[in-house]
Visitor: 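First, the structure itself, so that you have it in front of you.
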Amino acid sequence: MKQPDSRKAPTRRAVLQGGLSAGALLATRLPTLAAPPGFDQWRDNFRGRALAKGISDATWTRVMGRIEPDMTVFRQMQKQPEFHEQIWQYINRRVSDWRIINGREALKKHEALFARIEQDFGVERGTLLALWGVESAYGDPLVQQNHMRPIFPALAALAWNEPRRRAYWETELINALKIVDRGWGTPEEMRGSWAGAMGHTQWMPEVWLNVGMDYDKDGRVSPFGKPDDALGSSARFLLNRGKYHRGEHWGYEVRSSGGSASGSRTYAAWASAGVTRADGKPFPQPGASAQMWVPVAGGPAFLLGPNFYSVKSYNPSMNYALAICHLGDRILGAPPFIQPFPGSERALTLAEVQELQIRLTKAGFDTGGTDGRVGNDTMKAVKDYQTKMGLLPADGYGGLKVLARLRQGG
């Protein structure tokens, strides 16, 4: 899943979606070249296989009849920028002022929906808000329209000419055709990453077909438009696949007087062993179980309950799960972690991120916009600036040190 970048003018925004978390790097240009040699023959041969899988002739003609492959996907696969983030940088960039502020606005707008989801599935609203914010910037329509590519030309290119996983891409192309065949989406609105992940929660077509639900009861399972289906489906996924525990929090930042220990035990047992919440409050469910995790020696320690690992089932990364859980808490009013990570900086405020973007842009480094979002464009601009100025490490992290150097006029 991914992270939209900042706005450039009223309608320009670049988007980063992370790795196939379900995230992939999103494009800003549509393919314009005619179909390369061999594609038309492949498409004609593929038609019979698609019809054999139940795709109607009308849907095939509508979607694939005159399609041209988006050959830019192969550049995206090979040249995705790499940024080596320390965990505190990873957290700061995802638990940003922009996401906290806009998450609170999204909650106000969709309060009834989140209340219904909590009633039906028991999944805390903070968790779903954070997933939504990280995956699609709360479903920002400008991101969908302007900086996500049509998925059918992308999937057609991959299914035709990606040698390592061709069978996978062919299957996902047929899955996407099934979505159109069922009336769940139109080819025009099905825009997403180069890999075909789309919608509020950036799911692949196969996931929408097999996990999605018609939560708003309109007869379709739609990744687009109203967020009801996407968020309801995600909650059900966390409950069924992730074994989410109703009524339990994901975990807590803690302090330990006796060092770290392994294994799962109740919060009451942890408290007896000298582990307390970092904020001094009692554990609200002493009978629930948790495991200790210290991501970096000298940094914050956590007791992690089953719901942390439920989030991890959504994306198999401990750092991702921690960012989602912490962002959800911050949206609902919790403070930053009490114990800092070693060598860390505080996260920039929204105004500071905008200042960073403006100064980088004026210095000739294109951030893709100046609205306070930090995505791939901004990180690349920071990395290029760091390289030019000899700032090490040139890691693409736009924090206080980079901002201070920019303010010096460097």
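Since we're looking at a predicted model, the values are computed, not measured. In what follows, every heavy atom counts, from backbone to side chain, and hydrogens, waters and symmetry copies are set aside.
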Visitor: Identify the heavy atoms of Asp97 and Leu348 that sit nearest to each other, and give their distance.
Guide: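 Answer, listing the atom of Asp97 first, then Leu348: CB-O, 4.4 Å.
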Visitor: So, Ser233 side chain and Met213 main chain: donor-acceptor pair closer than 3.5 Å or not?
Guide: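 Side chain of Ser233 to backbone of Met213, a donor-acceptor pair under 3.5 Å: yes, one is there.
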Visitor: Going by heavy atoms in the side chains, are Val254 and Phe283 under 4.5 Å from each other?
Guide: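 Counting from C-beta outward, Val254 and Phe283 do come under 4.5 Å.
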Visitor: Do the side chain of Ser313 and the main chain of Ser310 share a donor and acceptor less than 3.5 angstrom apart?
Guide: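 Yes, the answer is positive, given that a donor and an acceptor are paired below the 3.5 Å cut-off.
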Visitor: Quick one, Arg62 and Thr186 - any side-chain contact, counting heavy atoms below 4.5 Å?
Guide: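 Contact flag for Arg62/Thr186 side chains = yes.
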Visitor: Could you tell me whether a side-chain N or O of His245 sits under 3.5 Å from a main-chain N or O of Trp250, the two making a donor and an acceptor?
Guide: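 No; zero donor-acceptor contacts below 3.5 Å.
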Visitor: Give the ring-plane orientation class for Trp132 versus Phe114, where under 30° counts as parallel, over 60° as perpendicular and anything between as tilted.
Guide: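 Taking Phe114 first and then Trp132, their aromatic rings sit tilted (interplane angle of 30° to 60°).
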Visitor: Any chance you could measure Trp169, atom CH2, to Ile174, atom CD1, to the nearest 0.5 Å?
Guide: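 Reported to 0.5 Å precision, the distance equals 14.5 Å.
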Visitor: Quick one: do the Thr378 and Gln357 side chains pair a donor with an acceptor below 3.5 Å?
Guide: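 Gln357 and Thr378 do have a side-chain donor-acceptor pair below 3.5 Å.
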Visitor: For the side chain of Asp229 and the backbone of Tyr215, is there at least one donor-acceptor N/O pair under 3.5 Å apart?
Guide: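 Here the side-chain-to-backbone pair exists.
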Visitor: Mark yes or no for whether Glu253, through its side chain, and Ile338, through its backbone, hold a donor-acceptor pair below 3.5 Å.
Guide: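 Present.
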Visitor: Classify the ring geometry between Phe365 and Tyr385 as parallel (under 30°), tilted (30 to 60°) or perpendicular (over 60°).
Guide: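 Perpendicular, since the angle between the ring planes exceeds 60°.
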Visitor: How many angstroms lie between atom CD1 of Ile117 and atom CG of Leu239, to the nearest 0.5 angstrom?
Guide: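 Between Ile117 CD1 and Leu239 CG, I get 12.0 Å after rounding to 0.5 Å.
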Visitor: Testing Phe308, Phe337, Tyr252 for ring pair (Phe, Tyr, Trp, His ring centres under 6.0 Å) with Phe302, which one passes?
Guide: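 Of all the options given, the one that passes is Phe337.
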Visitor: Can you tell whether the side chains of Asp140 and Arg373 come within less than 4.0 Å, N to carboxylate O?
Guide: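 Yes, Asp140 and Arg373 are salt-bridged.
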Visitor: Over 60° means perpendicular and under 30° means parallel, so tell me whether Trp208 and Trp203 are parallel, tilted or perpendicular.
Guide: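 Rings of Trp208 and Trp203: tilted, 30 to 60°.
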Visitor: Could you tell me if the side chain of Asp366 sits less than 4.5 Å from the side chain of Asp377, heavy atoms only?
Guide: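 No, every pair of side-chain atoms sits at 4.5 Å or beyond.
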Visitor: Just so I know, are the side chains of Leu332 and Leu107 near enough to count as touching, which here means a heavy-atom distance under 4.5 Å?
Guide: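 Contact flag for Leu332/Leu107 side chains = yes.
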Visitor: Of all the heavy-atom pairs spanning Leu129 and Tyr138, show the shortest one and how long it is.
Guide: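 Closest heavy-atom pair between Leu129 and Tyr138: O-CE2, 3.3 Å.
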Visitor: Check the pair Asp57, Arg47 against salt bridge (charged side-chain N to carboxylate O under 4.0 Å, His left out), reporting the backbone distance first and the verdict last.
Guide: CA-CA 9 Å; Asp57 188 67; Arg47 176 179 179 276; 2.2 Å; yes
Visitor: Run the numbers on Asn161 and Trp42 for side chain to side chain contact (heavy atoms under 4.5 Å, CB included), then give the verdict.
Guide: CA-CA 9 Å; Asn161 207 30; Trp42 170 85; over 6 Å; no
Visitor: Give, for atom CD1 of Ile101 and atom OG1 of Thr349, the distance between the pair rounded to the nearest 0.5 Å.
Guide: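 It comes to 8.5 Å.
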Visitor: Can you confirm whether more than 12 heavy atoms, excluding those of Arg241, are under 6.0 Å from its CZ atom?
Guide: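 Incorrect, the count does not exceed 12.
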Visitor: Would you find a donor on one side and an acceptor on the other, under 3.5 Å apart, between the side chain of Trp270 and the backbone of Arg265?
Guide: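 Yes.
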Visitor: Taking NZ, NE, NH1 and NH2 as the nitrogens, is one of them in Arg346 or Glu352 under 4.0 Å from a carboxylate oxygen of the other?
Guide: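 Yes, this pair counts.
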Visitor: Would you mind reporting whether Asn319 and Glu85 have side-chain heavy atoms less than 4.5 Å apart?
Guide: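 Result no, sub-4.5 Å side-chain heavy-atom pair not found.
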Visitor: Using a 3.5 Å distance criterion without hydrogens, assess whether the side chain of Arg125 forms a donor-acceptor pair with backbone atoms of Gly328.
Guide: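 Checking the backbone N and O of Gly328 against the side chain of Arg125, no donor-acceptor pair under 3.5 Å is found.
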Visitor: Between Gly103 and Ile331, what is the shortest heavy-atom contact and its length?
Guide: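 Nearest pair, atom of Gly103 first, then Ile331: C-CG2, 3.8 Å.
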Visitor: To check you understand the geometry: which heavy-atom pair defines the closest contact between Ala156 and Met64, and what is its length?
Guide: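 For Ala156 and Met64, the tightest heavy-atom pair comes out as CB-CE, 4.4 Å.
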Visitor: Between Phe224 and Met198, does the side chain to side chain contact (heavy atoms under 4.5 Å, CB included) criterion hold? Intermediate values first, please.
Guide: CA-CA 8 Å; Phe224 310 103; Met198 55 186 169; 3.6 Å; yes
Visitor: Give the minimum heavy-atom separation between Val311 and Ala321, together with the two atoms involved.
Guide: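 Heavy atoms only, the tightest pair is CG1-CA, 3.8 Å.
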Visitor: Decide, yes or no, whether a salt bridge links Asp228 with Lys217 under the criterion of side-chain N to carboxylate O below 4.0 Å.
Guide: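 So Asp228 does not pair with Lys217 through a salt bridge.
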Visitor: With a 4.5 Å heavy-atom cut-off, do Arg149 and Asp70 have their side chains touching?
Guide: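 Side-chain contact under 4.5 Å: yes.
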Visitor: Measure the NE2-CG distance between His200 and Leu231 for me, rounded to the nearest 0.5 Å.
Guide: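 His200 atom NE2 to Leu231 atom CG measures 7.0 Å (nearest 0.5 Å).
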Visitor: Within a strict 4.5 Å, meaning less than it, do heavy atoms of the Glu68 and Pro153 side chains meet?
Guide: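 Sidechains of Pro153 and Glu68: no contact.
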Visitor: Side-chain contact, heavy-atom cut-off 4.5 Å: Leu131 with Leu128?
Guide: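 Answer yes - side chains close enough.
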Visitor: Is a side-chain donor or acceptor of Arg99 paired with a backbone partner of Gly133 at a separation under 3.5 angstrom?
Guide: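 Yes; judged by distance alone, with no hydrogens or angles, the pair exists.
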Visitor: Does the pair Tyr244 and Phe121 meet the rule for a side chain to side chain contact (heavy atoms under 4.5 Å, CB included), with working shown?
Guide: CA-CA 9 Å; Tyr244 195 93; Phe121 303 106; over 6 Å; no
Visitor: Any chance you could lay out the side chain to side chain contact (heavy atoms under 4.5 Å, CB included) test for Leu173 and Phe46, step after step, and finish with the verdict?
Guide: CA-CA 10 Å; Leu173 176 56; Phe46 191 66; 3.6 Å; yes
Visitor: Decide, yes or no, whether a salt bridge links Arg43 with Asp40 under the criterion of side-chain N to carboxylate O below 4.0 Å.
Guide: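 Looking at Asp40 together with Arg43, the answer is yes, because their closest N to O distance falls below 4.0 Å.
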Visitor: Examine the side chains of Asn175 and Glu172 and answer whether a donor and an acceptor come within less than 3.5 Å of each other.
Guide: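 Yes, because at least one side-chain N or O of Asn175 sits under 3.5 Å from a partner of the opposite role on Glu172.
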Visitor: If every non-hydrogen atom of Pro69 is compared with every non-hydrogen atom of Pro36, which pair is closest and at what distance?
Guide: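 Scanning both residues completely, I find the closest heavy atoms to be CG-CD, 3.5 Å.
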Visitor: Using the rule side chain to side chain donor-acceptor pair (under 3.5 Å), only one of Lys53, Arg165, Arg49 pairs with Glu170; which is it?
Guide: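 The option that passes is Arg49.
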Visitor: If I take atom CG from residue Leu322 and atom OG from residue Ser317, how far apart are they, to the nearest 0.5 angstrom?
Guide: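 Output value for this atom pair is 9.5 Å.
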Visitor: Is Asp214 reaching over with its side chain to a backbone N or O of Asp218, donor-acceptor style, under 3.5 angstrom?
Guide: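 Side chain of Asp214 to backbone of Asp218: a pair is present.
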Visitor: Donor-acceptor pair, Glu345 side chain versus Leu400 backbone, under 3.5 Å?
Guide: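 Between the backbone of Leu400 and the side chain of Glu345 there is a qualifying donor-acceptor contact (under 3.5 Å).
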Visitor: So, Lys380 and Asp384, do they make that salt bridge, N to O below 4.0 Å?
Guide: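 Salt bridge present between Lys380 and Asp384.
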Visitor: Mind checking the CG-CZ spacing from Leu391 to Arg405? Nearest 0.5 Å is all I need.
Guide: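 So the gap between those two atoms works out to 5.0 Å.
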